[in-house]
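Down below is the structure, laid out as structure tokens.
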Amino acid sequence: MKPVILAGGSGSRLWPKSRAALPKQFLSLTSKNTMLQDTVSRLNGIKTESPIFICNDAHRFLVAEQLRQKNVAHGGILLEPVGRNTAPAIALAALHATLKGEDPTLLVLAADHLISDVPAFHAAIEKASVLAEQGKLVTFGIVPTEPHTGYGYIKAGEKLTEGFGVEKFVEKPDLETAQGYVSSGKYLWNSGMFMFKASRYLEELEKYSPEILSVCKEAIETESPDLDFIRVDADVFSKCKDDSIDYAVMESTDSAAMVSLDAGWSDVGSWSSLWEASAKDDNGNVTIGDTILENTNNSYVNAEERLVSVIGLDDVIVVETKDAVMVAHKNDSQSIKDVVNKLKAEKRPEFEFHREVFRPWGSYDSIDNGGRFQVKRISVKPGEKLSVQMHHHRAEHWIVVSGTANVTIDDKTQLVSENQSVYIPIGSVHALENPGKIPLELIEVQSGAYLGEDDIVRFSDRYGRAPN
């Protein structure tokens, strides 16, 4: 069995914690681990091969670093040049897994789900594996706990040796319809998790969505290694149709089967669902961070940077980060996506980035800015190096707070240690490296007419980011 973990979602309904550059699968929302790390650790106790991970190109270093932190060996990190939904992503994984003539059973999981009862999850996997060996395309149906209108449903068909056939898939219903589904006992939530032989998925994809398979075959022929990653040609893959596995295959195939799963599952698709899945106090509140609540009930309050107090409110979501505060009624948390769309349309940085931005070499935190200046706190991991670069519009002043920096400016290289500083004029080619054994912390003061992140001319980079 080879797990395929889909880590390409945007998680926009969990803004301001989840953002385009750091979506929810890479955050610690339900435990001390990130959701991606929990997805991998949930497989402990099952005999599997090293998982294949599929993610956006922009998130590749997040995936690699979070796997490194947990000493997880992977079977490849496939990079999607552009998002094309689950059917093409799984096709790339299946084609990659069969390149050497093997035909593994693929366990397809989302990187951002919560499952609290791991033994029940393992038992469902065992049942699904029996059906997958029989050539079935198996989906996991979640035993519903309420008439939820935010999930699609699957109607169980005939009884099989393990699980059921699938009579039909249905879209997200209105409340009355959902109540009917749940009371009938024949409908389960559609989890978006699957199991099948790689060859069977490709056979059914060729039957029902041959254009997707054709493009994915052409793309996988271009695959090439890049550090920990596997790239495919962007021009080829961008021609692929955008479609989910449900529409492309599962709703059409006569080989669909379903195994029921009652394991405390949630897709954590909104702040209200995260509230539902979290442990609550006697007043029904979920609190994280430095919070004080008075006369407040059934609410979720998450404080990241400072004290947050909520008084006299019920059924609210309050989330505070370094650069944004979001307050919503719990029953309207789905509308957060509308706010995110406005941020994107207005090209606000809060759409894509947190104030602290992670890079393969470390991170930077934009702690202050004005009309012609910006101040960042930069942390460089031991042994790591920023790209060799130049700026057209800004000069930089670096002050080392702790550790030692190896700084190159044009043709001069020098060591800069704690309480020392160095100046980089506009137009100078420069690089920063941490040659030591401890993190390098420094303050960077930028000054100039334009301070955007796109004012970087890269000449070389050890992380494969293209020179420009």
Is there a donor-acceptor pair under 3.5 Å between the side chain of Thr86 and the backbone N or O of Ile245? yes
Atom pair CD/CD1 of Glu320 and Ile288 - distance to nearest 0.5 Å: 12.0 Å
Hydrogens and angles aside, do Ser387 and Arg458 bring a side-chain donor and acceptor to less than 3.5 Å of each other? yes
Can the ring centres of Phe229 and Phe61 be said to be less than 6.0 Å apart? yes
With a 4.5 Å cut-off on side-chain heavy atoms, are Pro81 and Val232 touching? yes
Side-chain ion pair, Lys217 and Glu211, N-O less than 4.0 Å: no
Taking the side chain as every heavy atom from C-beta outward, state whether Asp368 and Gln374 have any atom pair closer than 4.5 Å. no
Look at the side chain of Asp410 and the backbone N and O of Ser428, then say whether any donor-acceptor pair between them is shorter than 3.5 Å. no
Grab the two heavy atoms, one from Val301 and one from Val308, that are nearest each other, plus how far apart they are. CG1-CG1, 3.8 Å
Can you confirm whether more than 12 heavy atoms, excluding those of Arg377, are under 6.0 Å from its CZ atom? no
Would you say the side-chain atoms of Glu444 and Gln446 include a donor-acceptor pair closer than 3.5 Å? yes
d(Leu67 CG, Ile77 CD1) to nearest 0.5 Å is 5.5 Å
Inspect the surroundings of CZ in Phe169 and state if more than 12 heavy atoms from other residues, nucleotides or ligands are less than 6.0 Å away. yes
Check this for me: His392, atom NE2, are more than 12 non-hydrogen atoms of other residues, nucleotides or ligands nearer than 6.0 Å? no
Side chains of Asn33 and Asp38: is there a donor and an acceptor less than 3.5 Å apart? yes
Between the CD atom in Glu346 and the CG atom in Asn341, the distance rounded to the nearest 0.5 Å is 11.0 Å
Heavy atoms, side chains only, cut-off 4.5 Å: are Val108 and Met193 in contact? no
Taking the six-membered ring of Trp361 (Phe, Tyr or Trp), confirm whether the NZ or CZ of Lys385 is under 6.0 Å from its centre and within 45° of its axis. no
Any sub-3.5 Å donor-acceptor pair from Asn406's side-chain atoms to Glu433's backbone N or O? no
pair Leu78-His96: side-chain heavy atoms closer than 4.5 Å: yes
Kindly compute the distance separating CG (Leu92) from CD1 (Ile220), expressed to the nearest 0.5 Å. 5.0 Å
Give the C-alpha distance, both sets of side-chain angles, the deciding distance and a yes or no for side-chain contact (heavy atoms from CB on, under 4.5 Å) between Val63 and Arg60. CA-CA 5 Å; Val63 174; Arg60 64 194 187 279; 5.9 Å; no
From Asp112 CG over to Ile5 CD1, what is the distance, rounded to the nearest 0.5 angstrom? 11.5 Å
Any sub-3.5 Å donor-acceptor pair from Ser209's side-chain atoms to Leu205's backbone N or O? no
Here the pair of heavy atoms bringing Lys172 nearest to Gly150 is CE-O, 3.1 Å
Any side-chain donor-acceptor pair under 3.5 Å between Gln420 and Ser417? yes
Is the backbone of Asn331 close enough, under 3.5 Å, to the side chain of Ser272 for a donor and an acceptor to pair up by distance? no
When you look at Met1 and Glu49, which way does the side-chain contact (heavy atoms from CB on, under 4.5 Å) test go after all the steps? CA-CA 6 Å; Met1 186 185 304; Glu49 299 177 18; over 6 Å; no
Assess the side chains of Asn298 and Asp314: does a donor N or O sit below 3.5 Å from an acceptor N or O? no
Side chains of Glu441 and Ser379: donor-acceptor distance under 3.5 Å anywhere? yes
Taking the side chain as every heavy atom from C-beta outward, state whether Ile336 and Met326 have any atom pair closer than 4.5 Å. yes
Are Trp398 and His430 near enough that their ring centres are under 6.0 Å apart? yes
For Ile438 and Gly403, work out which heavy atoms get closest and say how close. CD1-CA, 4.0 Å
Is Glu294 atom CD crowded by more than 12 heavy atoms from other residues, nucleotides or ligands, each under 6.0 Å away? no
For a side-chain contact (heavy atoms from CB on, under 4.5 Å) check, start with the C-alpha distance between Ile426 and His393, then their side-chain angles and the critical distance, and finish with the verdict. CA-CA 6 Å; Ile426 292 176; His393 303 288; over 6 Å; no
Salt bridge or not for Glu384 and Arg359, using N-O below 4.0 Å? no
Side-chain donor-acceptor pair present, Asp323, Thr321, cut-off under 3.5 Å: yes
Are any side-chain N or O atoms of His122 and backbone N or O atoms of Arg42, one a donor and one an acceptor, separated by less than 3.5 Å? yes
Nearest heavy atoms of Asn85 and Pro88, plus distance in Å: O-CD, 3.5 Å
Could Lys330 and Trp271 be counted as a cation-pi pair, given that NZ or CZ must be under 6.0 Å from the ring centre and within 45° of the axis? no
Heavy-atom pair of closest approach, residues Ile409 and Pro425: CG2-CD, 4.5 Å
Would a 4.5 Å heavy-atom cut-off, applied to side chains only, mark Leu175 and Pro147 as touching? yes
Hey, does Ser18 have a side-chain heavy atom less than 4.5 Å from the side chain of Leu27? yes
Counting only N and O atoms by type, is there a donor-acceptor contact under 3.5 Å from the side chain of Lys344 to the main-chain atoms of Phe351? no
Take atom NZ in Lys337; do more than 12 heavy atoms of anything else shown fall under 6.0 Å from it? no
Can you find a pair of side-chain heavy atoms, one from Ile311 and one from Ser309, that are under 4.5 Å apart? yes
Atom pair CD1/CE of Ile154 and Met250 - distance to nearest 0.5 Å: 7.5 Å
Looking at Arg462, I'd like to know if its CZ atom is crowded, meaning that more than 12 non-hydrogen atoms belonging to other residues, nucleotides or ligands lie closer than 6.0 Å. yes
Heavy-atom donor-acceptor pair, Arg13 side chain to Gly269 backbone, under 3.5 Å: yes
For Gln37, which of Gln25, Gln66, Lys70, Gln69 qualifies under side chain to side chain donor-acceptor pair (under 3.5 Å)? Gln69
Would the distance check show the side chain of Asp290 and the main-chain N or O of Arg306 forming a donor-acceptor pair, the cut-off being under 3.5 Å? no
Is the closest side-chain donor-acceptor distance between Asn44 and Ser41 under 3.5 Å? no
Tell me yes or no: between the side chains of Tyr151 and Glu171, is some donor less than 3.5 Å from an acceptor? no
I'd like to know whether Arg84 forms a salt bridge (Lys or Arg N to Asp or Glu O under 4.0 Å) with Asp243, so could you lay out the CA-CA distance, the side-chain angles of the two residues, the decisive distance to 0.1 Å, and finally the verdict. CA-CA 7 Å; Arg84 286 295 181 262; Asp243 210 351; over 6 Å; no
Between Lys322 and Glu356, does any side-chain N to carboxylate O distance fall below 4.0 Å? yes
Would the distance check show the side chain of Ser28 and the main-chain N or O of Lys32 forming a donor-acceptor pair, the cut-off being under 3.5 Å? yes
If you take the centroid of each ring, where Trp contributes its six-membered ring, are Trp189 and Phe140 closer together than 6.0 Å? no
Minimum heavy-atom distance between Thr296 and Asn283, given as atom pair plus value: O-CB, 3.8 Å
